[in-house]
Engineer: 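Would you mind keeping the following structure in view while I ask a few things?
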Amino acid sequence: MKSFLFKKMLYDTWDNLFRLVLLNLGFLVSAAIPALLPRNLVFSPGIAVAVLVLGVLWCFVYLTAAALVLKEIPDSGKFGFLEFFQALKAGWLTGLIFGASVLVLGLVLYTSVRFYAGLDSLAGTIAVALMFWLVLALVLALQFFLPLRARFEANPWKAFKKCFLILLDNLPFSLFCALCVLVMLVFSLFTAFLLLGPAHVLSFLDQALRLRMLKYDYLEKNPAADRRKIPWHELLAEERAQTGNRSFKSFIYPWKD
């Protein structure tokens with residue numbers, strides 16, 4: 001499955017490179033609000049904090065809309081500005097809920113780590129270690145939240161729950177996806193987040209989640225099957241046929257095929 005996932009991601013990224021770069025550029029502009037504007041409002045700390053919080057929330061709304069349109073790549077092959085504005089309308093509440101939840105969890109975890117680290121005791125060290133594993137579990141689970149919300153679950157609260165169910169049932173796969181995301185973000189630093197940026201990450205996670213869900217379709221039809229031995233080659237046969245194969249020449253001169 002993983003090799004096909006990379007292949008599918010490569011093809012879809014190449015076919016939608018301009019759209020992905022535009023989405024990344026829009027996110028950079030959005031992120032500039034909480035990153036830069038509060039520094040110019042030092043004369044009013046209250047306004048600076050408000051701008052920071054609202055800017056972060058807007059970034060999550062933007063990412064939610066991006067996830068909603070990016071699912072169209074494997075479904076219909078394309079999306080435009082109209083679809084993105086429609087996605088903003090459809091996903092703004094989810095984005096606000098997700099952003100507010102991340103902010104609150106981040107604040108609670110930051111405060112807790114500082115408190116327990118300041119105890120300078122064995123109990124404090126154990127508590128900080130537990131916080132680390134809690135953060136790791138949250139990251140591994142919530143990486144699927146936006147693709148899950150976009151593709152399978154409109155209710156954000158149910159999407160939160162399903163994120164953790166997916167993590168518990170697919171821990172190695174979740175670790176694999178998180179590692180791929182980390183590598184993508186590291187490489188994106190060299191392209192100012194325009195290539196392999198947030199849009200590419202969301203597209204990758206959407207593709208990964210969509211293909212992984214084939215496992216549950218198979219288990220639903222075959223309840224007695226071994227969950228540890230999923231016939232991925234058989235399940236991905238139709239996907240492979242639709243994706244096909246391309247030569248290097250077809251990437252550079254697609255109109256000649």
Side-chain angles (χ1 to χ4, degrees), residues 1-40 52 55-74 77-81 84 87 95 98-99 102-103 106 110 132 135-136 138-147 150 172-211 243 245-254:
M1 174 195 166
K2 295 181 179 66
S3 60
F4 176 73
L5 173 60
F6 287 131
K7 176 182 177 180
K8 178 69 172 171
M9 183 65 186
L10 174 63
Y11 288 5
D12 287 344
T13 297
W14 184 259
D15 293 341
N16 297 273
L17 185 60
F18 181 67
R19 296 182 179 90
L20 292 170
V21 170
L22 280 181
L23 282 177
N24 287 335
L25 182 60
F27 179 78
L28 286 177
V29 174
S30 299
I33 298 174
L36 302 176
L37 192 55
R39 299 180 183 180
N40 298 318
L52 175 62
V56 171
L57 291 178
W58 162 248
C59 287
F60 278 93
V61 171
Y62 184 92
L63 289 174
T64 303
L68 286 169
V69 295
L70 285 169
K71 75 179 180 65
E72 297 298 329
I73 290 180
K78 60 181 179 179
F79 60 88
F81 288 108
F84 181 77
F98 189 35
V102 170
L103 284 175
Y110 174 75
F132 168 79
V135 170
L136 181 61
L138 288 171
V139 170
L140 291 176
L142 294 181
Q143 66 178 326
F144 298 117
F145 175 77
L146 291 179
F173 174 74
S174 299
L175 288 168
F176 163 76
C177 288
L179 179 60
C180 290
V181 168
L182 180 61
V183 171
M184 292 171 70
L185 292 178
V186 169
F187 276 96
S188 71
L189 292 173
F190 299 100
T191 63
F193 287 96
L194 293 180
L195 295 177
L196 297 180
H200 294 79
V201 169
L202 287 173
S203 181
F204 168 78
L205 291 173
D206 174 75
Q207 295 277 16
L209 183 64
R210 184 179 69 87
L211 295 178
T243 302
N245 293 297
R246 302 184 190 182
S247 64
F248 180 76
K249 179 181 178 181
S250 68
F251 275 101
I252 308 302
Y253 306 107

Engineer: Tell me whether Q207 contacts the main-chain N or O of P74 through its side chain, where contact means a donor paired with an acceptor under 3.5 Å.
Structural biologist: no

Engineer: Could you state the interatomic distance from OG (S188) to CG (N24), rounded to the nearest 0.5 Å?
Structural biologist: 8.0 Å

Engineer: Is the side chain of E72 donor-acceptor paired with the backbone N or O of V69 at a distance under 3.5 Å, no angle test?
Structural biologist: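 Side chain of E72 to backbone of V69: no pair is present.
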
Engineer: Which atom pair, heavy atoms only, marks the closest approach of F79 to R19?
Structural biologist: O-NE, 2.8 Å

Engineer: Quick check for you: to the nearest 0.5 Å, what is the distance between F187 atom CZ and L189 atom CG?
Structural biologist: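 One gets 10.5 Å once the value is rounded to the nearest 0.5 Å.
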
Engineer: So how far is it from C177 SG to M184 CE, rounded to the nearest 0.5 Å?
Structural biologist: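 Atom-to-atom, C177:SG and M184:CE are 10.5 Å apart.
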
Engineer: Working to the nearest 0.5 Å, report the span between CE of M9 and CH2 of W14.
Structural biologist: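 One finds 14.0 Å between CE of M9 and CH2 of W14.
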
Engineer: So among V201, V139, V186, which one has a side-chain contact (heavy atoms from CB on, under 4.5 Å) with V181?
Structural biologist: V201

Engineer: Would you name the heavy atoms of L70 and D206 that are closest together and state the gap between them?
Structural biologist: O-OD2, 4.2 Å

Engineer: Are the side chains of L196 and T191 in contact, using a 4.5 Å heavy-atom criterion?
Structural biologist: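 No, side chains not in contact.
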
Engineer: With ring centroids as reference points, do F27 and F84 lie under 6.0 angstrom apart?
Structural biologist: no

Engineer: Among D15, T13, D12, find the one that has a side-chain contact (heavy atoms from CB on, under 4.5 Å) with I73.
Structural biologist: D12

Engineer: Backbone N or O of A199 within a donor-acceptor pair of the S203 side chain at under 3.5 Å?
Structural biologist: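 No, S203 side chain to A199 backbone: no donor-acceptor pair under 3.5 Å.
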
Engineer: Just how far is it from atom CZ of F98 to atom CG of L146, taken to the nearest 0.5 Å?
Structural biologist: 5.0 Å

Engineer: Grab the two heavy atoms, one from L68 and one from A150, that are nearest each other, plus how far apart they are.
Structural biologist: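 What the structure gives for the nearest pair is CD2-CA, 3.5 Å.
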
Engineer: At their closest point, which heavy atom of S30 faces which heavy atom of W58, and how far apart are they?
Structural biologist: OG-NE1, 2.8 Å

Engineer: Side chain of Y62, backbone of G95: donor and acceptor closer than 3.5 Å?
Structural biologist: no

Engineer: Could you give the distance from CZ (F204) to CG (L209), rounded to the nearest 0.5 Å?
Structural biologist: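 Rounded to the nearest 0.5 Å, the CZ-CG separation comes to 11.0 Å.
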
Engineer: Which is it for L17 and L195 under the side-chain contact (heavy atoms from CB on, under 4.5 Å) test, yes or no, and what are the steps along the way?
Structural biologist: CA-CA 9 Å; L17 185 60; L195 295 177; 3.7 Å; yes

Engineer: Specify the closest pair of heavy atoms between L205 and F144, including all atoms of both residues, with the distance to one decimal.
Structural biologist: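 Answer, listing the atom of L205 first, then F144: CD2-CE2, 4.3 Å.
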
Engineer: For V102 and F145: C-alpha separation, side-chain torsions, deciding distance, then whether side-chain contact (heavy atoms from CB on, under 4.5 Å) applies.
Structural biologist: CA-CA 12 Å; V102 170; F145 175 77; over 6 Å; no

Engineer: What are the two closest heavy atoms between A208 and F173, and how far apart are they?
Structural biologist: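 Distance-wise, the nearest heavy atoms are O-CZ, 3.5 Å.
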
